[in-house]
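Read the structure below first, then the notes.
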Number of protein chains: 2
Amino acid sequence: MTEQNPLSRQQLVAGAADMIRRRGLNATSIREVAKHAQTPLGSTYHYFPGGKQQLATEAVRFAGDAVARMLDKELRAGPVEGLRAFLALWREIITSTDFQAGCPVLAVSIEEHAADERPAVLAAAAEVFNGWEAQLADSMRQHGADPQAAGQLATLVVAAAEGAVAMCRAQRSTRPLDQVSAQLEELTRTTVCN
Amino acid sequence: MTEQNPLSRQQLVAGAADMIRRRGLNATSIREVAKHAQTPLGSTYHYFPGGKQQLATEAVRFAGDAVARMLDKELRAGPVEGLRAFLALWREIITSTDFQAGCPVLAVSIEEHAADERPAVLAAAAEVFNGWEAQLADSMRQHGADPQAAGQLATLVVAAAEGAVAMCRAQRSTRPLDQVSAQLEELTRTTVCN
DNA sequence: GTCTATACGAAGATAGAC
DNA sequence: GTCTATCTTCGTATAGAC
């Protein structure tokens with residue numbers, strides 16, 4: 001299993017994640033991803049024999065892992081600090097792109113459709129969401145939160161953050177995310193110090 | 001300004017809303033919307049000279065108004081009852097379609113992209129989100145909630161519901177929405193009876 | 001192994017027949 | 001006014017030259 005050209009491969013995955021983040025999955029074409037990574041179109045299918053599905057799946061995991069690594073690091077300072085970092089990351093993503101980028105995991109979750117089958121990219125998205133939730137919930141539990149309450153709140157955090165990011169893009173304002181952040185922080189504080 | 005064939009027009013808008021709900025904006029083609037409504041392709045451009053943009057914009061408003069009307073009715077029984085109906089609606093949408101449909105307003109919010117311009121469909125999405133928020137917040141205020149807290153909570157409700165619906169689709173489970181619903185209900189109860 | 005050239009279908013939009 | 005046929009562009013994917 002030779003690893004060909006890992007550099008181009010990684011650029012393709014990162015570029016695909018960025019484009020999905022901005023335009024959604026369907027508007028992200030392999031052609032443009034390859035062009036952006038200065039890679040010939042044919043190479044894309046050499047690196048990713050599974051085509052667009054495979055590239056999109058790896059892009060979702062790539063973006064999910066980046067957030068997970070950040071969470072892992074910031075949660076060491078406590079659940080509230082981790083939460084703040086999580087929310088600040090989304091805020092940075094939407095402001096630094098003038099409200100043009102959001103979350104690629106959410107994007108693939110609402111686009112894929114094939115009545116009978118369950119695409120790999122959707123399964124990857126589910127895993128990413130579950131992973132973030134577990135990281136947040138575990139941290140709260142380790143700081144004295146009720147186990148069940150921690151799980152519920154972690155779900156609320158991820159759902160509210162994802163929804164708020166989308167609303168910010170529609171309204172071209174960080175207000176939704178800022179208002180949601182204040183409430184989630186408050187909730188986390190009271191849940192941890194129970 | 002003759003109104004041609006209002007029936008076909010409405011079918012096209014409703015069909016477009018349904019398709020956007022399931023597949024997202026980019027994967028929704030005028031061709032298929034017309035086919036589904038048993039209308040010739042050319043007629044679509046007769047009814048909607050603005051093309052896909054116009055059809056999508058009207059579809060977003062159509063879906064948004066349907067929810068707003070339901071909210072208006074259910075909120076008469078109080079903010080908690082209205083919230084329950086709002087959340088139950090989303091639950092019904094995802095379960096009755098086997099997790100294939102979500103919210104068209106969210107879908108257009110994360111897909112459109114054109115660096116310099118601000119598409120009409122995005123503005124419509126922002127208005128719909130703001131409208132739902134205002135309805136929920138006003139109801140809470142009318143039942144004794146602190147005005148600012150009501151506004152913040154209404155934003156959290158919409159954001160969390162939208163995000164949870166997307167997570168439910170990815171995980172093929174209503175768990176995210178159910179967990180979020182329980183917490184939003186509790187929060188609304190305490191905010192109203194302050 | 002790497003990339004150019006191309007096959008094939010479907011998209012948005014319109015011209016022009018009825 | 002209503003719809004068919006078509007223009008043009010772009011999508012995924014691949015065949016085959018280097």
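Naming convention: chains lettered A, B, ... in sequence-line order (proteins, then strands); numbering from 1 in each chain.
- Under the side-chain contact (heavy atoms from CB on, under 4.5 Å) criterion, A:A56 pairs with A:I20, A:L25, A:V121, not counting sequence neighbours.
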I'd like a list of close polar pairs between nucleotides 16-18 of chain D and the protein, N/O only, cut-off under 3.5 Å.
none

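- A:K35 has its NZ atom 13 Å from the P atom of D:dT12, to the nearest Å.
- Per the geometry, CZ belonging to A:F48 stands 16 Å off C1' belonging to D:dT12, to the nearest Å.
- Taking atom CZ on A:R9 and atom C1' on C:dT2, their separation rounds to 16 Å, with Å as the unit.
- Put simply, B:H46 has no side-chain N or O that comes within less than 4.0 Å of OP1 or OP2 on D:dG1.
- Interatomic distance, CD1 of B:I93 versus CZ of B:R169, reported as 10.5 Å (0.5 Å rounding).
- Rounded to whole Å, the distance from CD on A:Q38 to P on C:dT2 is 17 Å.
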For nucleotides 12-15 of chain C, give me every protein contact, N/O to N/O, under 3.5 Å, one pair per line with atom names.
| residue | atom | partner | partner atom | Å |
| --- | --- | --- | --- | --- |
| C:dG12 | OP1 | B:I30 | N | 3.3 |
| C:dG12 | OP1 | B:K52 | NZ | 3.2 |
| C:dG12 | OP2 | B:I30 | N | 3.1 |
| C:dG12 | N7 | B:R31 | NH1 | 3.0 |
| C:dG12 | O6 | B:R31 | NH1 | 3.1 |
| C:dA13 | OP2 | B:Y45 | OH | 3.2 |
| C:dA13 | OP2 | B:K52 | N | 3.1 |

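- Of the side-chain N and O atoms in B:S43, one or more sit less than 4.0 angstrom from OP1 or OP2 of D:dC3.
- Every pair passing salt bridge (charged side-chain N to carboxylate O under 4.0 Å, His left out) that includes a residue from residues 118-133 of chain A is listed here, sequence neighbours excluded: A:E133-B:R175.
- For B:R69, the salt bridge (Lys or Arg N to Asp or Glu O under 4.0 Å) criterion is met by no residue, not counting sequence neighbours.
- Checked against side-chain hydrogen bond (donor to acceptor under 3.5 Å, both in side chains), A:Q179 has the following partners two or more places apart in sequence or in another chain: B:T155.
- One atom, CD of A:Q54, and another, P of D:dA13, lie 11 Å apart when rounded to the nearest Å.
- Here salt bridge (charged side-chain N to carboxylate O under 4.0 Å, His left out) pairs that include residues 83-108 of chain A, with residues two or more places apart or in two chains, are A:R84-A:E185, A:R91-A:D178, A:D98-A:R172.
- Clustering of Ile, Leu, Val, Met, Phe, Trp and Tyr by side-chain heavy atoms under 4.5 Å joins A:L106 with A:I110, B:L106, B:I110.
- Under the side-chain contact (heavy atoms from CB on, under 4.5 Å) criterion, A:A120 pairs with A:Q53, A:T57, not counting sequence neighbours.
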